[in-house]
Amino acid sequence: ILQGLLTIIVKEGASDIHLRAGSPPGGRVDGVIKRFGETRLMPDHVAEFAREMMPRKEMWEVFLQKREADFAYGIAGLARFRVNAYFQRGTVGIIMRVIEDKPIPSFQQLGLPAATFQQLAEHERGLILVTGPTGSGKTTTLGSLIDHINTTQPVNIVTLEDPIEVLHRDKLAMINQRELGIDTLSFAAGLRASMRQDPDVLMIGEMRDKETVEAALSAAQTGHLVFSTLHTQDAIRTVTRIIDFFPPHERPQIRQALSESVVGIVSQRLLPRADGVGRVLATEVLISTPLVQEYVKDEERTPLLKDVLLEDNIRGMHTFDQHLVDLYQSGLITLETATEAATSPHELRLMVTKTSHLY
């Protein structure tokens with residue numbers, strides 16, 4: 001029953017699968033939860049599914065004690081899954097992230113500015129951050145960047161992920177993928193250990209705490225190219241969020257380190273397409289320049305990063321709202337979607353009015 005059910009949901013393009021008692025099976029397709037069938041799952045069914053998927057028999061006993069468990073499960077020829085089993089209202093629930101073993105999309109296929117991203121990937125050292133809310137495609141963008149380096153540079157890449165969602169195989173580069181909980185206990189510990197693994201490129205799944213940020217900045221300053229993600233909406237909030245991990249007396253020093261090491265910040269969101277089929281990527285891109293470094297270093301002038309983004313598009317920089325206007329004028333998203341997603345709906349409408357006069 002389980003394999004058949006998972007096959008149907010994966011074939012529908014679900015990114016996450018929800019199985020719980022009293023509710024029909026669900027899957028997140030194009031960002032929206034969709035039900036599969038009318039039949040409500042029984043508590044015994046869900047518990048049996050969890051038991052069947054667990055890699056070791058003794059794990060079930062541990063799960064009953066601890067009331068939650070994380071593990072991986074795979075179906076040959078279909079997909080790998082990152083599974084979280086938990087209890088809710090006294091019954092077992094399961095949430096599964098689908099990790100498909102399929103070709104990694106290129107910058108062009110994802111709708112990313114290819115020339116800008118190639119330049120980012122060619123840096124020898126520094127920090128590149130991909131930010132956005134949960135489910136905005138950060139992992140896919142990072143996967144594409146790592147794959148580009150893997151294809152074009154003879155370097156050693158070490159990734160620290162929770163969980164591993166994009167599977168890489170050695171191409172021109174060598175690549176080691178380490179998973180939290182299985183291969184290392186925390187991002188900070190894994191990062192410290194990876195510095196002894198002769199890395200050229202490091203990818204950290206997420207900047208979760210002060211220790212990880214410190215280790216990432218240190219690696220970027222000592223000649224490594226470091227990629228990571230943050231749950232922030234745009235470039236200015238990303239800078240502020242990193243600084244906020246630290247107590248006030250450490251912040252000037254961290255601003256200095258961040259200004260010296262940041263190479264680029266890409267913020268992104270996935271928006272519904274105008275034709276109703278799938279989603280389209282909207283981005284904000286900040287590239288480090290001497291002026292950007294000054295604004296990152298100086299708390300009073302950090303808000304001025306917005307002016308740099310608006311004006312310095314020669315280097316491939318743009319704000320979210322500028323990209324939203326482009327997507328709207330290309331017919332990829334509706335004006336309503338653009339306005340809802342805009343950082344400043346008022347400024348977006350002004351830009352639309354101004355540019356429509358030019359046509």
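Starting from 1, each residue takes its place in the sequence as its number.
For Asn156 and Asp200, the side-chain atoms include no donor-acceptor pair closer than 3.5 Å. No hydrogens or angles considered: a donor-acceptor pair under 3.5 Å links the side chains of Glu260 and Gln256. Checked by atom type, the side-chain pair Thr337/Thr334 shows a donor-acceptor distance below 3.5 Å.
Looking only at side-chain heavy atoms (C-beta outward), Leu185 and Leu180 stay at 4.5 Å or farther from each other. Side-chain contact between Leu281 and Leu270 is present, with at least one heavy-atom pair separated by less than 4.5 Å. At a threshold of 4.5 Å between non-hydrogen side-chain atoms, the residues His323 and Thr319 do not count as touching.
Using modelled atom types, one side-chain atom of Thr302 and one backbone atom of Tyr295 make a donor-acceptor pair closer than 3.5 Å. Side-chain atoms of Thr131 come within 3.5 Å of backbone atoms of Thr232 as a donor-acceptor pair (strictly under, hydrogens ignored). The closest donor-acceptor contact from the side chain of Ser228 to the backbone of Ile204 lies under 3.5 Å. Judged by distance alone, the side chain of Asp321 and the main-chain N or O of Leu348 form no donor-acceptor pair under 3.5 Å. No donor-acceptor distance shorter than 3.5 angstrom exists from the side chain of Ser23 to the backbone of Leu19, with no hydrogens or angles considered. A donor-acceptor pair under 3.5 Å is formed between the side chain of Ser288 and the backbone N or O of Val262. For Gln221 (side chain) and Ser261 (main-chain N/O), no donor-acceptor pair under 3.5 Å exists by modelled atom type. Between the His318 side chain and the Thr283 main chain, a donor and an acceptor come within less than 3.5 Å of each other. Remark: the backbone N or O of Ser136 is paired with a side-chain donor or acceptor of Gln268 at under 3.5 angstrom. In this structure a side-chain-to-backbone donor-acceptor pair under 3.5 Å is present from Arg28 to Gly31.
Between Gly37 and Pro24 the shortest heavy-atom distance is O-CB, 3.5 Å. Shortest non-hydrogen contact noted between Val158 and Pro199 is CG2-CB, 4.0 Å. Looking at every heavy atom in both residues, Val46 comes nearest to Gly93 through CG1-CA, 4.2 Å. Contact between Phe245 and Val213 at its shortest, heavy atoms only, is CD1-CG2, 3.5 Å. The two residues Ala338 and Ile333 come nearest to each other via the heavy atoms CB-CD1, 3.8 Å. When all heavy atoms of Leu110 and Thr141 are compared, the closest pair comes out as CD1-CA, 4.3 Å.
Residue Gln322 holds its CD atom at 10.0 Å from CD of Glu347, rounded to the nearest 0.5 Å. Atom CG in Leu309 sits 8.5 Å away from atom CG in Asp234 (nearest 0.5 Å). Summarising the geometry, atom CG belonging to Leu142 is positioned 7.5 Å from atom CZ belonging to Phe227; distances are rounded to the nearest 0.5 Å. The distance from the CG atom of Asp16 to the CG atom of Asn84 is 11.0 Å, given to the nearest 0.5 Å. To the nearest 0.5 Å, atom NZ of residue Lys11 and atom CG of residue Leu6 are 11.5 Å apart. The CD atom of Glu48 lies 13.0 Å from the CG atom of Leu41; values are rounded to the nearest 0.5 Å.
Within a 6.0 Å radius of CG in Leu167, more than 12 heavy atoms belonging to other residues, nucleotides or ligands are found. Applying the 6.0 Å contact sphere to CD of Glu300 captures no more than 12 heavy atoms from other residues, nucleotides or ligands. More than 12 heavy-atom neighbours from other residues, nucleotides or ligands sit within 6.0 angstrom of CD on Glu58. More than 12 heavy atoms of other residues, nucleotides or ligands sit less than 6.0 Å from atom NE2 of His231. By the neighbour-count criterion of 12 heavy atoms within 6.0 Å, atom CE of Met54 is densely surrounded, having more than that number from other residues, nucleotides or ligands. Glu336 CD: 12 or fewer foreign heavy atoms inside a 6.0 Å radius. Annotation for Arg40: atom CZ does not count as buried by contact number, only 12 or fewer foreign heavy atoms lying within 6.0 Å.
By the criterion of side-chain heavy atoms lying less than 4.5 angstrom apart, applied directly or through intervening Ile, Leu, Val, Met, Phe, Trp or Tyr residues, Met317 is not grouped with Met351; the two fall into different hydrophobic clusters. With hydrophobic clusters built from ILVMFWY side chains whose heavy atoms lie under 4.5 angstrom apart, Leu5 does not share a cluster with Ile33. The hydrophobic clustering, which links ILVMFWY residues whose side-chain heavy atoms are closer than 4.5 Å, places Val130 and Phe320 apart. Hydrophobic clustering of Ile, Leu, Val, Met, Phe, Trp and Tyr side chains at less than 4.5 Å, counting indirect connections, unites Val92 with Leu64. By the rule that hydrophobic residues join a cluster once side-chain heavy atoms approach within less than 4.5 Å of another member, Ile95 and Ile17 end up as members of separate clusters.
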*Using the salt bridge (charged side-chain N to carboxylate O under 4.0 Å, His left out) rule, take Arg251 and Glu299 through it: C-alpha gap first, then chi angles, then the decisive distance, then the call.*
CA-CA 9 Å; Arg251 288 177 188 172; Glu299 185 182 352; over 6 Å; no

_Does Phe187 form a side-chain contact (heavy atoms from CB on, under 4.5 Å) with Asp209? I'd like the steps, not just the answer._
CA-CA 9 Å; Phe187 282 132; Asp209 50 41; over 6 Å; no

*Please report the C-alpha distance between Arg80 and Ile75 in whole Å, then the side-chain angles of each, then the deciding distance to 0.1 Å, and finally whether the side-chain contact (heavy atoms from CB on, under 4.5 Å) criterion is met.*
CA-CA 6 Å; Arg80 283 175 70 243; Ile75 298 176; over 6 Å; no

*Quick one: do Ile149 and Leu225 satisfy side-chain contact (heavy atoms from CB on, under 4.5 Å)? Show the steps, please.*
CA-CA 11 Å; Ile149 295 172; Leu225 184 60; 4.2 Å; yes

*asked:* Would His224 and Glu124 count as a side-chain contact (heavy atoms from CB on, under 4.5 Å) here? Give the steps.
replied: CA-CA 7 Å; His224 305 85; Glu124 284 188 11; over 6 Å; no

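Taking the charged nitrogens against the carboxylate oxygens, Glu206 and Arg208 do have a contact shorter than 4.0 Å, which makes a salt bridge. A salt bridge does not link Lys138 to Glu165: none of the charged nitrogens lies less than 4.0 Å from a carboxylate oxygen.
The ring-ring contact (aromatic ring centres under 6.0 Å, His included) analysis of residues 66-89, with sequence neighbours excluded, yields the pairs Phe63-Phe87. For the ring-ring contact (aromatic ring centres under 6.0 Å, His included) condition, the pairs that include at least one residue of residues 144-166, sequence neighbours left out, are Phe107-His148. Identified under the side-chain hydrogen bond (donor to acceptor under 3.5 Å, both in side chains) test for residues 166-182, with sequence neighbours left out: Arg82-Glu179, Asp101-Arg169, Asp147-Lys171, Glu161-Gln177. Annotation: salt bridge (Lys or Arg N to Asp or Glu O under 4.0 Å) contacts involving residues 273-294, sequence neighbours excluded, comprise Arg273-Asp275, Glu294-Lys297. Within the structure, side-chain hydrogen bond (donor to acceptor under 3.5 Å, both in side chains) contacts touching residues 182-193 (residues at least two apart or in different chains) do not occur.
A cation-pi contact, defined as under 6.0 Å to the ring centre and within 45° of the axis, is absent between Arg51 and Phe49.
Not counting sequence neighbours, the partners of Gln233 by the side-chain contact (heavy atoms from CB on, under 4.5 Å) test are Pro133, Arg237, Arg269.
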